[in-house]
Every structure is written in C-alpha cells, then in structure tokens.
Q: 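Please read through the structure below; I'll follow up with questions.
Each ligand, and each atom within it, is numbered from 1 in the order the structure gives.
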Amino acid sequence: MTLFKSPTPGVVIYGTSILSMIDGMGAFKNNALKILEENGIKNIKPNNLYSQQKFLNSLKIIYEKLGDVTIKVIGMKIPEKVQLPSNIETIDQILNSIDRIYNMNHRGGDCGSYEFKKTSNNEGFMIVDTPYPCAFDMGLIEAFMNKFREDGSLTFINHHSEECRMNGSSSCTYKVKW
Ligand SMILES: [Zn+2]
C-alpha cells in the first residue's frame, strides 16, 4: 500500500484515533491541532468520522518535521483509547485482532491489513499493509502487546523484512516475540 495515501477514496476514521495522535504529540499538541486544522480536520470528537486522507496528510507533515521517534510515540498512543472487541486476554488474541480493530476504526472501504502468522508459542510475524508510516505501526503493535503482557515478561518487535514501506514496498514484516 502506498505510504500516506488512502487506498480507497472516501475512507473515514474515528476521531478517537486522531485524539490519540494529539496526545502523542505531548508538548507539541498545539502544533498537532494547527497541522490538522490546516489539513481540514477540526472540532475533533471521538465518535465523529474524518477523512483518512486528511489525517494521513497531517501525519506526513508531522513525520517530515519531527521524524520517526514522534511518529512511533503517536502509534503507541492509539491502543490506549481505542475500543477493543470483548474477550481479549492474551497477546496472541490481540495480535490476531489488530486487523479487526483497525477495520472497526475505519469506514468506507479497503484501508489495509495486519496479518499475524504465529510461528511458535510466543513468536510470530506481523505483515502490515497500511498507508501509515512504519514507525507508527511498530509503536502501535508494541503498545497493543504491552497492554496484554503478563507481569515480569517482555515484548519485542523487530523489523524483519528488508523491504519497508518507507522505501516504497507495499508492506513491512515485523518479528514479534513475547
Ligand atoms: Zn517498514
């Protein structure tokens, strides 16, 4: 999927995710609000829907200005507020549900996918094909795993594929371990 480009015209995203992005900007919240407004997103309410393309345009500007670390922090904020399907208790279950959660938070057509392939008890691959930047998705997946981590255990995510969406590939593959 092409970076920063909504794959289907008319895809919309719930305000909750946009509000998480603003949270992730920390001391730069006002900058985030200004960038969003300049890109046509304002008066953000959790349950209202906004153009995914306008959100991606705003994220692109933030990425160009502030880089991977900020984009990763924004990704890590998403799991805090997002509504989860019921009955998720383990890291396995959350990794298998990210695709569904992503599609619950976007409306209006194909917007990409998260495919989890378990390779052993506590390891697997996550293949991500979305228009969001690589660091955003790495932060998002890590934070979802940490949400269901048992006390005293650790989680890991590494970029496994040489191909990366940041270099024009259509997907990134991450190795996850817990
Ligand atoms: Zn990547």
Q: Taking salt bridge (Lys or Arg N to Asp or Glu O under 4.0 Å) as the definition, give me every residue that meets it alongside Lys81, ordered by chain and number, with sequence neighbours left out.
A: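 With sequence neighbours excluded, Lys81 shows a salt bridge (Lys or Arg N to Asp or Glu O under 4.0 Å) to Asp23, given in chain and number order.
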
Q: Check for me: within less than 2.8 Å of the Zn ion (ligand 1), which protein N/O/S atoms show up?
A: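 Near the Zn ion (ligand 1), below 2.8 Å, one finds Cys134 SG, His159 NE2, Cys164 SG, Cys172 SG.
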
Q: Just jot down the salt bridge (Lys or Arg N to Asp or Glu O under 4.0 Å) partners of Lys34, sequence neighbours excluded, or say none.
A: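 In terms of salt bridge (Lys or Arg N to Asp or Glu O under 4.0 Å), with neighbours along the sequence ignored, Lys34 is linked to Glu38.
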
Q: Within a reach of under 6.0 Å around CZ of Phe28, are more than 12 heavy atoms found that belong to other residues, nucleotides or ligands?
A: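 No - once you tally the heavy atoms of other residues, nucleotides and ligands closer than 6.0 Å, there are 12 at most.
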
Q: Indicate the atoms forming the closest heavy-atom contact of Tyr14 with Met104, along with that distance.
A: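 So the two residues come closest at CE1-O, 3.6 Å.
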
Q: Suppose we screen for side chain to side chain contact (heavy atoms under 4.5 Å, CB included). Which residues come up paired with Ser120, at least two apart in sequence or across chains?
A: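 Ser120 satisfies side chain to side chain contact (heavy atoms under 4.5 Å, CB included) with Asn122, Glu123 once adjacent residues are dropped.
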
Q: Could you tell me whether Glu80 and Lys147 have a side-chain N and a carboxylate O separated by less than 4.0 Å?
A: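 No.
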
